[in-house]
Amino acid sequence: MIEKLFSLKKLTFISISVYGHDLESFKRVTGKPDKQYRKLVDNLNRIADHRGAGRKFMEIHLRTDRSFTWHPEDGIDDNSSELVKAMHRAIHEGGLKWLGNQLLYDTWGGMVNSEDVADLDIEMSDGSNLPKIGACYLLFDEPMIFADGGVNACACRGVDRTLQIGDLNNSTLRQVLSSENAVYHNIINRHQKNDYPETCKDCTIYRSVYRRPRGWSYTSIAAFFKKHDERAGINRY
């Protein structure tokens, strides 16, 4: 599967999240056995074997203890874990972009609480006080497809299926991500009226469409939603 990634013509971006920085922290964060840790190390080394091919579309970041301060430029030594050595290879030989240790941990709509992370050196964040104005651009930029074919309106929230907007076993992706899809359209309209579904209310990943998302034209987005608001009788301006 890793070999195939480098041959896919339409694949433009992969972000690799690494949980933990050695065997002990990996097992604490993921709850997975040693063999999963070894598979992670082996897979990163396989990517590194492609000698820079990942430079075009791959990035990597950590989710581990706040006390872990390693940077790829620090190098490695005999005390470095197998995982750190594999990340170092993936970055320096495989060409992956390093994004550091991500310290913002979301509660996933309350599904994760302080007791769940009591033995981890991390801090949970509550996004309920994050200002929200209009629709979140993730509704248009990052849908999620479940393994069984279900389509979620957002890749960051709604893992409980409360944001599911379709099923690829019954419809095409083009049909699901369409204004003709009443379920999808309803979620967008609720966001535009600042009536956010429960799973969206305390999201720390929320980004308003009225701010420019990466790679989007601010002018075209603002014009589209201003027209939408005028039709709906919503005044934000």
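The chain is numbered in sequence order, starting from 1.
- The closest donor-acceptor contact from the side chain of W70 to the backbone of G75 lies under 3.5 Å.
- A parallel orientation is assigned to the rings of F6 and H50, their planes being inclined by less than 30° (bins at 30° and 60°).
- Across all their heavy atoms, F26 and P33 have their closest contact at CE2-O, 4.0 Å.
- Taking CE of M58 as the start and OG1 of T12 as the end, the distance is 11.5 Å to the nearest 0.5 Å.
- Among all heavy-atom pairs drawn from C203 and T199, the shortest one is CB-O, 4.4 Å.
- By the 4.0 Å N-to-carboxylate-O rule, D119 lies too far from R28 to be salt-bridged with it.
- H21 and T64 form a side-chain donor-acceptor contact under 3.5 Å, judged by distance and modelled atom types alone.
- At a cut-off of 3.5 Å, with distance as the only test, a side-chain donor of R89 or N45 sits close to an acceptor on the other residue.
- Relative to the six-membered ring of Y206, K132 meets both conditions, a distance below 6.0 Å and an angle of at most 45° to the axis.
- For the pair R161 and F146, the cation sits on the ring face: its NZ or CZ lies under 6.0 Å from the ring centre, inside 45° of the axis.
- Donor-acceptor pairing under 3.5 Å is recorded for the side chains of H185 and N189.
- Of all heavy-atom pairs between H191 and C136, the closest is ND1-N, 3.2 Å.
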Could you check I47 against I60 for side chain to side chain contact (heavy atoms under 4.5 Å, CB included), going step by step and ending with a plain yes or no? CA-CA 12 Å; I47 291 174; I60 185 170; over 6 Å; no
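- The main-chain N or O of I187 is never found under 3.5 Å from a side-chain atom of D195 such that the two would form a donor-acceptor pair.
- Between the side chain of Q175 and the backbone N or O of T172 there is at least one donor-acceptor pair closer than 3.5 Å.
- Listed for the Y137 side chain is no donor-acceptor partner under 3.5 Å among the backbone atoms of E142.
- A donor-acceptor pair is defined here as one N or O able to donate and one able to accept, closer than 3.5 Å; such a pair exists between the side chain of S208 and the backbone of I133.
- A donor-acceptor pair is defined here as one N or O able to donate and one able to accept, closer than 3.5 Å; such a pair exists between the side chain of D121 and the backbone of R66.
- Put simply, the side chain of D116 gets close to the backbone of N113: a donor and an acceptor are under 3.5 Å apart.
- Among all heavy-atom pairs drawn from N169 and G149, the shortest one is ND2-CA, 4.2 Å.
- Rounding to the nearest 0.5 angstrom, the gap separating the CG atom in D34 from the CG atom in L23 is 4.5 Å.
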So V18 and M87, side chain to side chain contact (heavy atoms under 4.5 Å, CB included) or not? Walk me through it. CA-CA 9 Å; V18 175; M87 287 192 296; 4.2 Å; yes
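- Of the possible donor and acceptor atoms, none in the side chain of N43 sits under 3.5 Å from a partner among the backbone N and O of L40.
- Counting only N and O atoms by type, the side chains of S178 and N181 include no donor and acceptor under 3.5 Å apart.
- A donor-acceptor contact closer than 3.5 angstrom is absent between the side chains of N186 and Y184.
- Distance check: L163 CG to C156 SG gives 11.0 Å after rounding to the nearest 0.5 Å.
- Placement of V29 and L62 in two distinct hydrophobic clusters is found when ILVMFWY residues are connected by side-chain heavy-atom separations under 4.5 Å, directly or transitively.
- Between D77 and K85, the shortest heavy-atom contact is O-CE, 3.5 Å.
- Contact between L83 and D22 at its shortest, heavy atoms only, is CD2-N, 4.1 Å.
- When each of N152, D202, T162 is checked for a side-chain hydrogen bond (donor to acceptor under 3.5 Å, both in side chains) with R157, only D202 meets the rule.
- A distance of 6.0 Å or more separates the ring centres of F13 and F57.
- Residue I91 holds its CD1 atom at 8.0 Å from NE2 of H71, rounded to the nearest 0.5 Å.
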